[in-house]
Amino acid sequence: MSEKLSKDFYARDAEKVARDLLGKLLIRDKRGSKTTGKIVETEAYLGKDDPASHTFGGKKTERTEIIYGPPGHAYVYLIYGMYHCFNVVTGKDGTPEGVFIRALEPVDDLDIMRKRRGLDSEDKGNLTDGPGKLCMAMDIDKSLNGEDLTGEKLFISERKSAKDFEITEAKRINIDYAGDAKNWKLRYLIKDNPFVSEKPD
DNA sequence: GTAAAGATCCACT
DNA sequence: GTGGATCTTTACT
């Protein structure tokens, strides 16, 4: 068995939460179709002082409102007109920071994930190794924006096993618009895990 | 109202 | 490595 992470876990700095989310289990529970993936890659977005963040400078729009709300909620948005991205809101209520989930290692149900991704292959290496892909495989879309992650539809659980991996830090991806911040090492990966979206240098 | 760009993915010259 | 798909969000020529 595993234990669902509480609101306290999320109510900390994005960098700490991003590191601690590695190795945890993301669970999507729809009636009749439950999918689980181990989190293997995250990125921290630091809010008003982070040029890469949607909330840089304290910018607040209809889309980003949820990031300013209480921790432990989902921030889901559509990118490039076709893919969803899933973030976890962190920090105290009122601070606009969060953690972007970039990749999962598929745990189950692999057949459901393949079906949602439109793949037939036995290979499981390309099911959830990217932010858009994992949202497809886990059926995460804008209807889950603002969803409470201590609820039943979408939540994250601690594994009861010992921590059995090392953490690699790397630059974040595809934020060339962010100037110097693109060099900040705010991406965290499970060292040598094959299911990450992109290997670090 | 209109335009420009995007925390991506996939196919391929 | 490069470019196209595709459309919401955001900021204004």
Side-chain angles (χ1 to χ4, degrees), chain A residues 10 13-15 17-19 21-22 26 37 39-69 71 73-91 95-106 113-121 123-147 149 154 168-189 194-201:
Chain A
Y10 302 106
D13 293 346
E15 292 167 85
V17 177
R19 293 182 71 99
L21 277 177
L22 293 177
L26 176 65
I39 298 173
V40 298
E41 182 179 358
T42 62
E43 284 180 359
Y45 284 84
L46 307 184
K48 60 180 169 51
D49 299 320
D50 180 358
S53 171
H54 290 161
T55 54
F56 179 49
K59 188 175 69 169
K60 192 173 186 177
T61 65
E62 192 174 357
R63 179 177 67 155
T64 60
E65 204 172 354
I66 188 68
I67 315 175
Y68 288 82
H73 288 247
Y75 168 48
V76 182
Y77 67 95
L78 189 67
I79 188 68
Y80 300 117
M82 29 171 113
Y83 300 106
H84 291 279
C85 289
F86 169 57
N87 296 249
V88 174
V89 177
T90 68
T95 60
E97 47 177 83
V99 175
F100 180 36
I101 308 299
R102 281 199 62 86
L104 305 175
E105 176 177 333
M113 291 187 185
R114 285 193 192 97
K115 196 169 179 182
R116 288 177 180 156
R117 292 269 291 113
L119 302 172
D120 288 326
S121 158
D123 187 19
K124 69 172 185 176
N126 58 352
L127 282 174
T128 55
D129 58 338
K133 298 185 209 179
L134 73 88
C135 283
M136 239 182 287
M138 302 290 280
D139 197 33
I140 295 170
D141 62 25
K142 279 175 60 181
S143 70
L144 290 172
N145 189 34
E147 190 71 21
L149 297 178
L154 184 65
T168 301
E169 300 179 0
K171 296 176 186 175
R172 292 177 291 181
I173 306 231
N174 282 336
I175 52 165
D176 289 344
Y177 58 84
D180 186 54
K182 72 169 182 281
N183 296 315
W184 298 357
K185 301 256 178 126
L186 291 175
R187 182 162 71 108
Y188 304 97
L189 315 85
F195 299 97
V196 300
S197 67
E198 186 173 310
K199 308 274 186 225
D201 307 325

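Predicted, not measured: the structure shown is a model, and the values here were computed from it. A note on names: the letters A, B, ... follow the listed sequences, proteins ahead of strands, and every chain is numbered from 1.
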Among the candidates [options], find the nucleotide nearest to the side-chain atoms of [X].
{"X": "A:Asn174", "options": "B:dT8, B:dA7, B:dC9", "result": "B:dT8"}
{"X": "A:Lys59", "options": "C:dA11, B:dA7, B:dC9", "result": "C:dA11"}
{"X": "A:Leu78", "options": "C:dT10, B:dT8, C:dT8", "result": "C:dT8"}

Is the ring centre of A:Tyr45 under 5.5 Å from the base ring centre of B:dA7, and are the two planes under 30° apart, so that they stack?
-> yes
Please give the nucleotide sitting opposite C:dT6 as a Watson-Crick or G-U wobble pair, both distances under 3.5 Å, or none.
-> none
If pairing means Watson-Crick or G-U wobble with both distances under 3.5 Å, then the partner of B:dA7 is none
N/O (side chain, A:Lys133) to phosphate O (OP1/OP2, B:dC10) under 4.0 Å = yes
Is the phosphate of C:dT10, meaning OP1 or OP2, less than 4.0 Å from a side-chain N or O of A:Thr61?
-> yes
Check the distance between [N]'s [atom2] and [X]'s [atom1] and give it to me in whole angstrom.
{"X": "A:Glu65", "N": "C:dT9", "atom1": "CD", "atom2": "P", "value": "13 Å"}
{"X": "A:Asp141", "N": "C:dT6", "atom1": "CG", "atom2": "P", "value": "19 Å"}
{"X": "A:Ile66", "N": "B:dA7", "atom1": "CD1", "atom2": "P", "value": "19 Å"}
{"X": "A:Glu41", "N": "B:dT8", "atom1": "CD", "atom2": "C1'", "value": "13 Å"}
{"X": "A:Tyr177", "N": "B:dA5", "atom1": "OH", "atom2": "P", "value": "14 Å"}
{"X": "A:Leu127", "N": "B:dT8", "atom1": "CG", "atom2": "P", "value": "19 Å"}
{"X": "A:Met82", "N": "C:dT8", "atom1": "CE", "atom2": "C1'", "value": "12 Å"}
{"X": "A:Arg63", "N": "B:dA7", "atom1": "CZ", "atom2": "P", "value": "7 Å"}

What's [X] touching, base or sugar-phosphate or nothing? Going by heavy atoms closer than 4.0 Å.
{"X": "A:Gly81", "result": "base"}
{"X": "A:Arg117", "result": "sugar-phosphate"}
{"X": "A:Ala178", "result": "nothing"}
{"X": "A:Lys142", "result": "sugar-phosphate"}
{"X": "A:Arg172", "result": "nothing"}

Side-chain heavy-atom pair A:Thr64, A:Pro96 within 4.5 angstrom cut-off | no
Going by heavy atoms in the side chains, are A:Leu154 and A:Leu149 under 4.5 Å from each other?
-> yes
Between A:Glu169 and A:Lys185, is there a salt bridge with N-O shorter than 4.0 Å?
-> no
What residue among A:Leu26, A:Val99, A:Leu104 forms side chain to side chain contact (heavy atoms under 4.5 Å, CB included) with A:Phe86?
-> A:Leu26
Say you draw a straight line from CG of A:Asp13 to CG of A:Leu46; how long is it, rounded to the nearest 0.5 Å?
-> 8.5 Å
Pairwise P distance for C:dT6 and B:dT2, with rounding to whole Å = 23 Å
Can you name the nearest heavy-atom pair linking A:Asn87 to A:Tyr77, along with the distance?
-> ND2-CE2, 3.6 Å
